[in-house]
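Small disclaimer: the values here were computed from a predicted structure and weren't measured.
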Amino acid sequence: VQLQASGGGLVQAGGSLRLSCTASGSIESIRVMGWYRQAPGKQRELVATATRGGGTNYAGSVKGRFTISRDNAKNSVYLQMNSLKPEDTAVYYCAAISGFYSWGQGTLVTVSS
């Protein structure tokens, strides 16, 4: 599975960004798609995931502000990020789970105060 992510950038606190990720390759094996992030000096952490059937899961720190959606027809997953905070600054990685993890290249999100 190959993943191509886009949509990061610089935004002021309170602003919004939308991340997109499209999968290619052995897409029929993908069960879950999602987003993880890694801030400087910290470990990679879960942001949100979405199953093929539409089930979602969010980290507590983003619940109510971020929305994950998945378009199975387009083999894509999206992350709408609203009310961004400086602590959301990180490299965001798209992930696809198909028995093992596949990772996208990462896209930087910077939230200024």
Side-chain angles (χ1 to χ4, degrees):
V1 175
Q2 294 79 46
L3 300 169
Q4 182 67 44
S6 62
L10 173 65
V11 64
Q12 288 188 330
S16 298
L17 282 174
R18 185 174 187 253
L19 305 182
S20 300
C21 176
T22 300
S24 59
S26 301
I27 55 177
E28 68 282 353
S29 65
I30 299 174
R31 295 181 286 112
V32 179
M33 294 187 75
W35 295 92
Y36 288 69
R37 67 186 181 187
Q38 187 167 17
K42 295 187 177 181
Q43 290 189 331
R44 191 172 299 188
E45 63 177 4
L46 168 74
V47 177
T49 58
T51 68
R52 181 176 291 273
T56 59
N57 181 50
Y58 293 93
S61 60
V62 307
K63 199 171 292 185
R65 299 188 297 122
F66 291 10
T67 303
I68 190 169
S69 59
R70 183 170 170 178
D71 187 334
N72 293 325
K74 295 183 178 180
N75 306 314
S76 296
V77 64
Y78 309 96
L79 186 68
Q80 179 65 43
M81 304 184 292
N82 298 329
S83 302
L84 282 160
K85 303 176 181 180
E87 51 263 44
D88 294 317
T89 294
V91 176
Y92 284 69
Y93 294 92
C94 177
I97 304 170
S98 55
F100 56 89
Y101 281 78
S102 298
W103 298 99
Q105 80 279 17
T107 184
L108 178 63
V109 172
T110 303
V111 184
S112 63
S113 57

Determine whether [X] and [Y] fall in the same hydrophobic cluster, where Ile, Leu, Val, Met, Phe, Trp and Tyr are linked whenever their side-chain heavy atoms lie under 4.5 Å apart.
X	Y	answer
Y58	L17	yes
Y101	V32	yes
W35	V11	yes
Y36	I30	no
L46	V77	no

Does E28 CD have over 12 foreign heavy atoms under 6.0 Å away?
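Yes, because the 6.0 Å sphere around CD of E28 holds more than 12 heavy atoms from other groups.
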Does [X] reach the side chain of [Y], with side-chain heavy atoms less than 4.5 Å apart?
X	Y	value
M81	V47	no
M33	L3	yes
R37	L79	no
R70	R52	yes

Spatial distance of atom [atom1] ([X]) from atom [atom2] ([Y]) [nearest 0.5 Å]:
X	Y	atom1	atom2	answer
Q2	T22	CD	OG1	12.5 Å
I68	Q80	CD1	CD	12.0 Å
I27	S102	CD1	OG	12.5 Å

Which side-chain N or O atoms in residues 105-113 pair as donor and acceptor under 3.5 Å with protein atoms at least two apart or in another chain?
{"unit_1": "Q105", "atom_1": "OE1", "unit_2": "A5", "atom_2": "N", "d": "3.3"}
{"unit_1": "Q105", "atom_1": "NE2", "unit_2": "A5", "atom_2": "O", "d": "2.9"}
{"unit_1": "T107", "atom_1": "OG1", "unit_2": "G8", "atom_2": "N", "d": "3.1"}

Between [X] and [Y], what is the shortest heavy-atom contact and its length?
X	Y	answer
Y93	G104	CD2-O, 3.7 Å
S26	V1	O-CG2, 3.6 Å
S29	S98	O-CB, 2.9 Å

Residue pairs, two or more places apart or on separate chains, that pass disulfide bond (SG atoms under 2.5 Å apart) and touch residues 19-103:
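Qualifying pairs, neighbours excluded: C21-C94.
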Can you find a side-chain donor-acceptor pair between S16 and N82 that sits under 3.5 Å?
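Per modelled atom types, S16 and N82 side chains form a pair under 3.5 Å.
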For the residue pair F66 and Y92, categorise the inter-ring angle as parallel (less than 30°), tilted (30 to 60°) or perpendicular (more than 60°).
tilted
